[in-house]
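A short write-up of the structure that comes next.
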Amino acid sequence: MPEGHSVHRIANQFEQSFVGHRVEVSSPQGRFADGATRLDGATMVDAKAVGKQMFLEFDNGLWLHVHLGLYGAWDFAGDIATGHSMAESRTRRAATRKAENAPDDDGEDSMASIGAPRRTRVRMAEQEKTEDDIESFPPEPVGQVRVRLLTDTAVGDLRGPTKCEVLDAAGVDLAISKLGPDPLVDSPKKGSDRFVTTVRKKRTPIGLLLMDQSVVSGIGNIYRAELLFRARLDPHTPGNQVPEEVLRALYKDWTKLLKSGVELGQMMTMDGLTKAQHAKALRSRADRHWVYHREGLPCRVCGTNIVMEMAAGRKLYWCPTDQV
DNA sequence: CATCGATGTTGAG
DNA sequence: TCAACCTCGATGG
């Protein structure tokens, strides 16, 4: 269910709370028993997201590859990052590496491994829910937990993934090679070039191309609808008929929305809002988007009723007046 | 309390 | 093109 921003946040959670730790890997549900055996006891050395896929690297040369699919989720507990701090972990770690003797003075976010683990629980999926006061550490696995990753201070339980497998480095490269550019992985120039080149070769409608993970990574049904509206672009326009500068602007806008989503932990696809409107949009989903899930409601710009149609089995929302 | 549908992808037909 | 995957919040009775 999560689009790209949630997966990047989850990778940041692993980066911040698991990388550098020895991990006990198990499969309480049993369906990943063999994979768990291959990873058990190794130390996590990297966590990265490309589009909606996540790759966790261990010091035995193996990787855990996870795709949450429609309803997968990670439940974290113990000494874990919550809320806004997750967005910046990668940046901060990089900065810390540069300044060799920089003191770790960021208090609140610090994952100090002293004493008992903090008793906080976070569910990370399309939404994030935090609760305090878990009874003990580690908590009992609840329901169908495909994989449990347990360190001395933190635990992550994976449930309902569409993909969960062990890969070697070559397998990771192969998986990533099938994916289109991700603005948080590829440089702006290279990413934009790849996106434009691919789209300009196809007659497929742009509304379908944006959902094709080999064309561009991380966009899902909400970002698709919102990006097209923000560009005032008719979803049915064939890729090869969209002007290059429009495609470049589209990729740039995706970059902006993705970064914002990673920082906020929410999809905020409207801008130019007052402070009050912004706060309201963050509280209620109904006020958060231009067209997504607004079938039959008046367009926020022109008043025309928003239209919904099925496209490749997914609901596509758009304004027939503004998007031409 | 039962049913539905979802921010996704794969693979069968 | 569509069911399956197998979770869970929202919805309705």
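Every chain is numbered from 1, with letters handed out A, B, ... down the list of sequences. Quick caveat, the model's predicted, so the values are computed rather than measured.
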Is the centre of the [X] ring less than 6.0 Å from the centre of the [Y] ring?
X: A:Phe195; Y: A:Trp254; result: no
X: A:Phe14; Y: A:Phe55; result: no
X: A:Tyr317; Y: A:His289; result: no

So, OP1 or OP2 of [N]: does either fall under 4.0 Å of a side-chain N or O from [X]?
X: A:Arg314; N: B:dA6; answer: no
X: A:Lys315; N: B:dG5; answer: no
X: A:Arg123; N: C:dC8; answer: yes
X: A:Tyr223; N: B:dT7; answer: no

Nearest-Å distance, [atom1] ([X]) to [atom2] ([N])?
X: A:Leu70; N: C:dG9; atom1: CG; atom2: P; result: 14 Å
X: A:Met54; N: B:dT9; atom1: CE; atom2: C1'; result: 17 Å
X: A:Leu158; N: C:dC5; atom1: CG; atom2: P; result: 18 Å
X: A:Leu208; N: B:dT9; atom1: CG; atom2: C1'; result: 15 Å
X: A:Tyr71; N: C:dT7; atom1: OH; atom2: P; result: 7 Å

With the criterion being N/O to N/O and under 3.5 Å, what pairs connect the protein with nucleotides 1-4 of chain B, and how long is each?
none

For atom P, what is the distance between B:dA6 and C:dC2, given to the nearest Å?
->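 Nearest-Å result for B:dA6 against C:dC2 at atom P: 16 Å.
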
Counterpart base for C:dC5, defined by Watson-Crick or G-U wobble contacts under 3.5 Å |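 In the structure as shown, C:dC5 has B:dG8 as its Watson-Crick or wobble partner.
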
Test side chain to side chain donor-acceptor pair (under 3.5 Å) applied to A:Thr237 and A:Gln241, step by step | CA-CA 7 Å; A:Thr237 314; A:Gln241 284 180 33; over 6 Å; no

Filtered N/O pairs between nucleotides 10-13 of chain B and protein, under 3.5 Å:
none

Residue whose nearest DNA chain B nucleotide is more 5′ - A:His293 or A:Ala312 =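 The residue whose closest nucleotide sits nearer the 5' end is A:His293.
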
Is there a donor-acceptor contact under 3.5 Å from the side chain of A:Gln213 to the main chain of A:Gly51?
->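 No, A:Gln213 side chain to A:Gly51 backbone: no donor-acceptor pair under 3.5 Å.
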
Is the backbone N or O of A:Gln29 less than 3.5 Å from a side-chain atom of A:Arg146, with the two atoms forming a donor-acceptor pair by type?
->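 No.
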
May I ask you to verify whether the side chain of A:Gln127 and the base of B:dT7 hold a donor-acceptor pair under 3.5 Å?
->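 Check passes, donor-acceptor contact within cut-off.
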
Does the pair A:Arg248 and A:Glu244 meet the rule for a salt bridge (Lys or Arg N to Asp or Glu O under 4.0 Å), with working shown?
-> CA-CA 6 Å; A:Arg248 295 217 176 262; A:Glu244 174 170 339; 3.1 Å; yes

Checking salt bridge (Lys or Arg N to Asp or Glu O under 4.0 Å) for the pair A:Asp34/A:Arg38: CA distance, chi angles, key distance, verdict?
-> CA-CA 7 Å; A:Asp34 292 348; A:Arg38 299 176 67 193; over 6 Å; no

